[in-house]
Amino acid sequence: MRATKGNKTYTITEQEKRRYVEAGYDIQSDSGETISYGRGRTVPMEQYVALEEKYKNLDERNAELAARCHELEELLESRDGSGENSPDFDSRNISGMSVEELKTYAEERQIDIGKTTSRDGILEKIKAAMKQDS
């Protein structure tokens, strides 16, 4: 196992592990996996890593929701008050669909997507067709 702090790395034994942790060294296995973090940090590294991961997930989710919100606002604007009883209203949110689901969605509604294979390209074709139908 190894003890690492800054640019210093030492090969240590199990008996030396506690002393190095107390001195602020991170302990890593021979495969490079962190076993324990050194003392002296303002926030324990375990908490920092957990919060960082949570923030990353929340940031990604926020971006997805913002995009969906924008699409729904556009859909509402294009409806001109026609509401849910309109024959072409579809309550499913197409922005969350996979490529295969989008292809099926377009096929069911006889929307020509041409040779487009990317998710974004298919979405654009569907949205353009929906605007033409309005």
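Numbering starts at 1 and runs along the sequence shown.
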S.K.: Roughly how far, to the nearest 0.5 Å, is the CD atom of Glu71 from the NZ atom of Lys127?
M.R.: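 The CD atom of Glu71 is 3.5 Å from NZ of Lys127, to the nearest 0.5 Å.
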S.K.: First locate atom CZ of Arg109, then atom OG1 of Thr104, and finally report the distance between them rounded to the nearest 0.5 Å.
M.R.: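 So the gap between those two atoms works out to 10.0 Å.
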S.K.: Taking the side chain as every heavy atom from C-beta outward, state whether Ile113 and Lys103 have any atom pair closer than 4.5 Å.
M.R.: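 When only atoms from C-beta onward are counted, Lys103 and Ile113 do touch, with a gap below 4.5 Å.
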S.K.: Could you tell me which non-hydrogen atom of Ile35 sits nearest to which non-hydrogen atom of Gln28, and how far apart they are?
M.R.: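 Smallest heavy-atom distance, with atoms named: CD1-C, 3.9 Å.
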S.K.: Kindly say whether Met97 contributes a backbone atom to a donor-acceptor pair with the side chain of Arg119 at under 3.5 angstrom?
M.R.: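 Answer holds: yes.
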S.K.: To the nearest 0.5 Å, what is the distance between CD1 (Ile94) and CG (Leu102)?
M.R.: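 Taking CD1 in Ile94 and CG in Leu102, the distance rounds to 6.5 Å.
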S.K.: Taking Glu124 for the side chain and Gly121 for the main chain, is one N or O donor matched with an acceptor at less than 3.5 Å?
M.R.: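 Answer holds: no.
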S.K.: Please check: side-chain N/O of Asp26 versus main-chain N/O of Gly38, any donor-acceptor pairing under 3.5 Å?
M.R.: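 Yes: the side chain of Asp26 pairs with the backbone of Gly38.
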S.K.: Once rounded to the nearest 0.5 Å, what's the spacing between atom CD of Gln132 and atom CD1 of Ile111?
M.R.: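 Reported to 0.5 Å precision, the distance equals 9.5 Å.
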S.K.: Quick one: are Thr117 and Val99 in side-chain contact, heavy atoms under 4.5 Å?
M.R.: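 No - every pair of side-chain heavy atoms lies 4.5 Å or more apart.
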S.K.: Could you pull out every donor-acceptor pair under 3.5 Å between side chains of residues 2-20 and any protein atom, sequence neighbours left out?
M.R.:
from: Lys5; atom 1: NZ; to: Ala23; atom 2: O; distance (Å): 3.0
from: Thr13; atom 1: OG1; to: Gln15; atom 2: OE1; distance (Å): 3.3
from: Thr13; atom 1: OG1; to: Glu16; atom 2: OE1; distance (Å): 3.4
from: Glu16; atom 1: OE1; to: Thr13; atom 2: N; distance (Å): 2.9

S.K.: Assigning hydrophobic clusters by single linkage (Ile, Leu, Val, Met, Phe, Trp, Tyr; side-chain heavy-atom cutoff under 4.5 Å), is Ile27 placed with Met45?
M.R.: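 They do not share one cluster, since no chain of ILVMFWY contacts under 4.5 Å joins Ile27 to Met45.
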S.K.: Donor-acceptor pairs are to be reported for all side-chain atoms of residues 46-61 against protein atoms at under 3.5 Å, with residues two or more places apart or in another chain.
M.R.:
from: Asn57; atom 1: ND2; to: Glu53; atom 2: O; distance (Å): 3.4
from: Arg61; atom 1: NH1; to: Glu64; atom 2: OE1; distance (Å): 3.3

